[in-house]
Amino acid sequence: MQPHLLEMRNIIKVYPNGVAANRNVDFSLREGEIHAVAGENGAGKSTLMKILFGMEEPSDGEIWLKGERVRFQTPQDAISKGIGMVHQHFMLVPSFTVAENMVLGMEPKKGLSIHVDEAVRMTKELSDKYQLAVDPKAKVESLSVGMKQKVEILKALLRGARILILDEPTAVLTPQETEELFKQLLTLKREGHTIVFISHKLKEVKAICDRITIMRAGTTAGVFDMADITEQEISRLMVGRDVVLKYEKDEVFFGPPVLKVEGLTYVNALGNKALNNIGLSVKAGEIVGIAGVEGNGQAELVKALTGGLEGSRSGKAMVNGSDIGQADMREIRGLGVSYVPEDRMSQGAAKEESISDNIISTRYRESAWNKGLFLKGKQIVKLAESLIEEFKVRCSGPAQPIGMLSGGNMQKVIVARECSTEPLLLIAEQPTRGVDIGAAQLVHKKLLEMRSRNCAILLISADLNEILELSDTLYVMYDGELVAEFDKPSEVTEEELGLYMLGLKKQERRGGHSDAEVL
Amino acid sequence: MLKYFDAIRTLISVAIALVIAFIIIAFVSEDPLGTIGIFLTGPLSSAAQLGNVVEMAIPLMFTGLSVVLLFRSGMFNLGAEGLFYISGLVAAVIAIYGSMNGFLHPAAAILAGAVVGALLSAIPGIMKAKWNADVLVTSLMFNSILAGVGLYFLNYHLRDAAAFANVSYKFQETALLAKLIPGTRIHAGLILVLLCILATHYFMYHTRWGYELRMTGSNRSFAEFSGIKTGRVIVTVHLIAGLLAGMGGSVEVLGMYTRFQWTDLPGYGLDGALVALLAKNNPLSVIGAALFLAYIRIGADQMSILSDVPAELVSIIQAVIILLISAEQFLKMWKNRKLLKEAEKLG
Amino acid sequence: MDNFWGVIFSTDFAFSVLRVTTPILFAALGALISNKAGIINIGMEGTMLTGALAGVIVSAYTGSAWIGLLGAMASGIAISAVLAYFTLKIKTHIILGGIAINMFASGGTVFILYLISGDKGTSTSLQSKVLPNVHIPLLQDIPVLGPILSGHNVLTYLSLLAVAGVYYLLKRTPLGLQIRSVGENPQAAQSVGISVTRIQTIALLLSGFFASLGGAFMSMGYLSLFTRDMTAGRGWIAIAAEALGGGSTVGTFVASLIFGATNAMSNALQILKIPAELIGTFPYAATVVGLLVYAIAETRRRKKKNG
């Protein structure tokens, strides 16, 4: 048994809003290994790594490095102990050269000036040593994503990193770049560096990692040598439900399709297919769920349906027979579409404005709520009052600014707004993320009520409880594609779902009857 | 309590500023108490003084209202300054050369000034809405450009060679605004500005456009999400704000002067920002904020005449008020504690 | 018209361009540094005014122009420190903070002047000193160049040196690199252990330092006394010059010269009955056009990237 280079013991992190992101997490690294950290969104990986890199302080727990207790209050503390991190969003200054970015904050000096030649030399030396070829004099803004990532790795190495944390490094890379990255990581390993590799992509994890820590719901679900565990087992440990919800669902006869998507394909700015030949339909009275690990095209799909996708795409999206390919949000809403956005704060609400102002934002243009230029103030307040009661929003009244409510109550207002316009189609994106159980249950009940009233609902969620329990039809999205379709979601096992979500399995031809192909 | 947090913070800021002023007076004046007394009660000492307060508040209300609209829609535009000036000049031209009967003449002059103000104001608005050009810098540039253009017209086309100072020809009698209260110079502009404030309040809280304006200012991406065309909102806000600033300049020129005599920007635009800040971007509060500002200015004037402390003390008070009112962190701890309690109460 | 060109191409005119540019250039360099760190300091006018008064008062009391200059610098740095405290620490809006500084200075300088001298308009009763003019040996004997470049106030030369200094600071020194990184991507700066607040504070103090030099020139070089609101909008011109200069040191220098030249021209134009007021607006109009062209290009670029 090798001694541990680094140990995190009993890490607990509770955020001020009461969310416990880490509960008694143990994590350890052996010198010179590539160690995968895998888990669903919200499993606590990011929090744990932020604690390790000094960006967050743990509520409780200890970090031991080479047998010595350490405390990291800022990233600087972690850097000085030889820990480096490559963030998903690169921390580079675009107008600077590679060499300038490399030495920022630790510039070599000649007199008062930066010793530019020395900076270039240091960059060159390091890039030769680790075979991470970069041009020290190139401007960062002109580099490809893969190149920028190399600069980030070199930056960490230059600061003496012996432990390197890579946060989903392959998410932004092309397959060729990924392959190159793996070669470089193996080089680093040979040089004695220890690497933490955060990823959802099990094939990649399997390919280059020595050990894996699996996280689920804020705790450690297991630590394994890669040789001792199959991808299927990893998936089973990663994907699971904590609480099983049960709702009574009314018998509903589905009507004609309200939303039809055919062959929708979208290539993003990186040149990857963010949406690949998506085809689905949502009928009146049907809840269609889309499950999947985040970042597999769900956000792009929602944007394509709500007028937020810039750039070219092929394929069709139709609401009640009207093409919404080029329509903007206003036109789409005009067709009877409602949308509960993922990001409450930036899209869902105007924080400083009152609850009633937030409630009428999507309907004030309708004649029921205005007389020409003038708004019908009394009716609006009445509407707000009745929705506050119906959705049990805890507040002092319709005039209270929405920003003063708790997250759950704010979400109730948003759901109330979107549900109360009698929509034909409701797009709900992570409708219960970060809200308390009470609010979540209320939102679920309202969605089912909408379903009974013959509304077509497209539910995008990373919460398996919610999506398995509510959906009539369930799709799984992986790498921009719908890789599975289930007619009876409540009978699908988590295990099976996990295989699709993590890209280990794919249905040959969509349609529940076709045979699944194990990849 | 929390509901009134902003109001309380405003009052505390004002109180701190006044205390600082009193402390300065105490150090500077031979008779501190007497001086403070004059400063505080001077404006109340006679009808004429009270009149001065109201007269001074009129232009402050116009520009304050204009800035309220801009700030409320999230636009950091300081262009009211230049618009106020150039519109005053436009009104002056009509006052000098137009010949109309009593009521029509000032109405036409004010309308012309307001329209010019609106159109000029729209330019930075369009630049912002369409290409996201920074309104702060463009509006500052416009101030300088309009000042130059205005001065050119004054010097080359309107200047009365017979007058000793750098002033325009005399306005026609018919163009001047009627005085409302004998013994003061309070003019009909007061009624106009109060009407504008009421209209703006109604506009902001009871019309679709006002609603769109508030949503755009509070959270532009939320407004877009709700289907509001925010670009159009931004241009509209600029038009209305320009209209108000322009109207203010015209009214001030016709109400207070008989010739156009501004050889530089009169400063009411930046004062408007201070008024908007004091009024917490609320149209009705503009009345109180402008009167308060006018009050301390007249008080300071009285103080400088009747005591040994100069009136410029007031600019120190204003600076402190601005620094404190717009300070997010000021009294934040107190607010957070209250918020927590409130949240606990609601569960 | 011949007369006009005669004036423009005279050595006197070129000399006066440099003279008039000096305060604008100082303040524009100050605006440049704070903008580079991502904070717009619109309190330049007030900072200049404060520097102008402090220079006069300190030099009058110490009898030394040089100590007066130090006093001016100290006042500029101090007032910027107040601005930095409010905007960076207790989060006053930076634009409103700048307005507050301007308001404070325009009245506060008069207030202080009155307390010290009993006079509200000018500082004639104070025996303030003037910074010397410098005649450069050899250079002053060269025809054309001599009369243009020699005999300026010492601060005019310093302003030209400051251009080189600021260029060097921003381009070549660690501090400059850090200032630019904070302005461009504060998270990146933070991730390598640079304190954003600290760098922005330094940038604000430097901008105050340069603005106060511009102010000192006004009261201890351009004129030999302090008068109420004597900066007369030069702080705003400096902000315009920085914008017209496109955020580069050389650009800011050239733009300041353009503003200086149009200012200097106004005297010549007045004589010739050409409306100097209108000519004076050209650089501002050019700034607006420049901003517009830049904004349109940015919009196109963004669209193309997403398209």
Side-chain angles (χ1 to χ4, degrees), chain B residues 24 27-28 76 78 123-124 127-128 130-134 136-156 264-265 267 270-271 273-274 277 300 304 308-332, chain C residues 40 42 46 82-83 85-87 89-93 95-97 99-115 120 228-229 232-233 236-237 239-240 242-244 273 275-288 291-292 294-300 302:
Chain B
I24 294 175
F27 274 102
V28 168
F76 239 99
L78 297 177
I123 300 171
M127 283 171 63
K128 170 74 187 177
K130 229 171 139 71
W131 300 291
N132 203 26
D134 185 43
L136 175 71
V137 182
T138 45
S139 66
L140 287 176
M141 294 306 111
F142 264 71
N143 287 346
S144 301
I145 294 172
L146 295 177
V149 171
L151 198 57
Y152 160 74
F153 277 104
L154 174 61
N155 286 340
Y156 285 81
D264 199 356
L265 299 176
L270 291 182
D271 289 344
L274 175 52
L277 209 57
S304 74
D308 51 357
V309 177
E312 281 73 15
L313 178 66
V314 89
S315 72
I316 297 172
I317 300 178
Q318 290 176 11
V320 174
I321 292 177
I322 294 180
L323 286 176
L324 289 178
I325 290 188
S326 75
E328 274 174 40
Q329 297 298 317
F330 178 52
L331 298 179
K332 191 68 168 281
Chain C
I40 305 173
I42 68 163
V82 171
L83 183 61
Y85 174 77
F86 274 95
T87 55
K89 178 87 185 172
I90 60 173
K91 307 281 177 211
T92 296
H93 194 292
I95 302 304
L96 298 172
I99 293 177
I101 295 297
N102 290 336
M103 266 189 192
F104 170 80
S106 82
T109 49
V110 178
F111 189 80
I112 292 165
L113 180 65
Y114 174 78
L115 294 184
K120 283 172 80 170
R228 166 179 213 139
D229 282 323
W236 299 103
I237 295 177
I239 292 168
E242 196 276 338
L244 182 60
K273 300 267 176 221
E277 299 86 349
L278 285 184
I279 306 290
T281 64
F282 287 179
Y284 298 106
T287 309
V288 174
L291 280 173
L292 185 62
Y294 175 77
I296 291 174
E298 276 288 294
T299 311
R300 291 249 168 87
R302 225 180 24 245

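Worth saying up front: this structure is predicted, and the values here are computed from it rather than measured. The sequence lines fix the lettering, A, B, ..., with proteins before strands; numbering per chain opens at 1.
Taking a 6.0 Å sphere around NZ of C/Lys120, one finds it holds more than 12 heavy atoms contributed by other residues, nucleotides or ligands.
For chain C, no part of B/Ile123 is nearby; none of its heavy atoms comes within less than 4.5 Å. Of the atoms belonging to C/Leu292, heavy atoms from both backbone and side chain fall under 4.5 Å from chain B. At a 4.5 Å heavy-atom cutoff, the contact between B/Val149 and chain C is made by backbone and side-chain atoms alike. When heavy atoms are compared at a cutoff of 4.5 Å, C/Ile42 approaches chain B solely by way of its side chain, counted from C-beta outward. Interface residue B/Ala133: backbone and side-chain heavy atoms are both found under 4.5 Å from chain C. When heavy atoms are compared at a cutoff of 4.5 Å, C/Ala243 approaches chain B solely by way of its side chain, counted from C-beta outward. Neither the backbone nor the side chain of B/Ile317 comes within contact range of chain C; no heavy atoms are under 4.5 Å apart. Looking at B/Leu277, only its side chain comes within 4.5 Å of chain C, counting heavy atoms on both sides.
No side-chain heavy atom of C/Thr287 sits less than 4.5 Å from a side-chain heavy atom of B/Thr138. Residues C/Thr299 and B/Lys130 are not in side-chain contact: their nearest non-hydrogen atoms beyond the backbone lie 4.5 Å or more apart. Proximity of C/Ile112 to B/Glu312: side-chain heavy atoms (C-beta onward) are nowhere separated by under 4.5 Å. A 4.5 Å side-chain heavy-atom check between C/Ile99 and B/Leu274 finds every atom pair outside the cut-off. At a threshold of 4.5 Å between non-hydrogen side-chain atoms, the residues C/Phe86 and B/Leu324 count as touching.
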Apply side chain to side chain contact (heavy atoms under 4.5 Å, CB included) to residues C/Thr92 and B/Ile322 and explain how you reach the verdict.
CA-CA 8 Å; C/Thr92 296; B/Ile322 294 180; 5.5 Å; no
Evaluate the side chain to side chain contact (heavy atoms under 4.5 Å, CB included) criterion for residues C/Val288 and B/Met127: first the C-alpha distance (whole Å), next the side-chain angles of each, then the deciding distance (0.1 Å), finally the verdict.
CA-CA 10 Å; C/Val288 174; B/Met127 283 171 63; 4.0 Å; yes
B/Asn132 vs C/Glu298, test: side-chain hydrogen bond (donor to acceptor under 3.5 Å, both in side chains). Steps then yes/no.
CA-CA 9 Å; B/Asn132 203 26; C/Glu298 276 288 294; over 6 Å; no
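In this structure, C/Glu277 CD and B/Phe153 CZ are separated by 11.0 Å, a value rounded to the nearest 0.5 Å. Atom CZ of C/Phe282 is separated from atom CD1 of B/Ile145 by 10.5 Å, given to the nearest 0.5 angstrom.
Heavy-atom pairs under 4.5 Å with chain B peak, among C/Gly280, C/Ala105, C/Ser106, C/Gly107, at C/Gly107. Among B/Leu313, B/Leu136, B/Val137, the residue with the largest count of heavy-atom pairs under 4.5 Å with chain C is B/Leu313. Considering only heavy-atom pairs separated by less than 4.5 Å from chain B, the leading option among C/Leu96, C/Val110, C/Leu115 is C/Leu96. Of the listed residues (B/Ala319, B/Pro310, B/Gly148), the greatest number of heavy-atom pairs within a distance under 4.5 Å of chain C belongs to B/Pro310.
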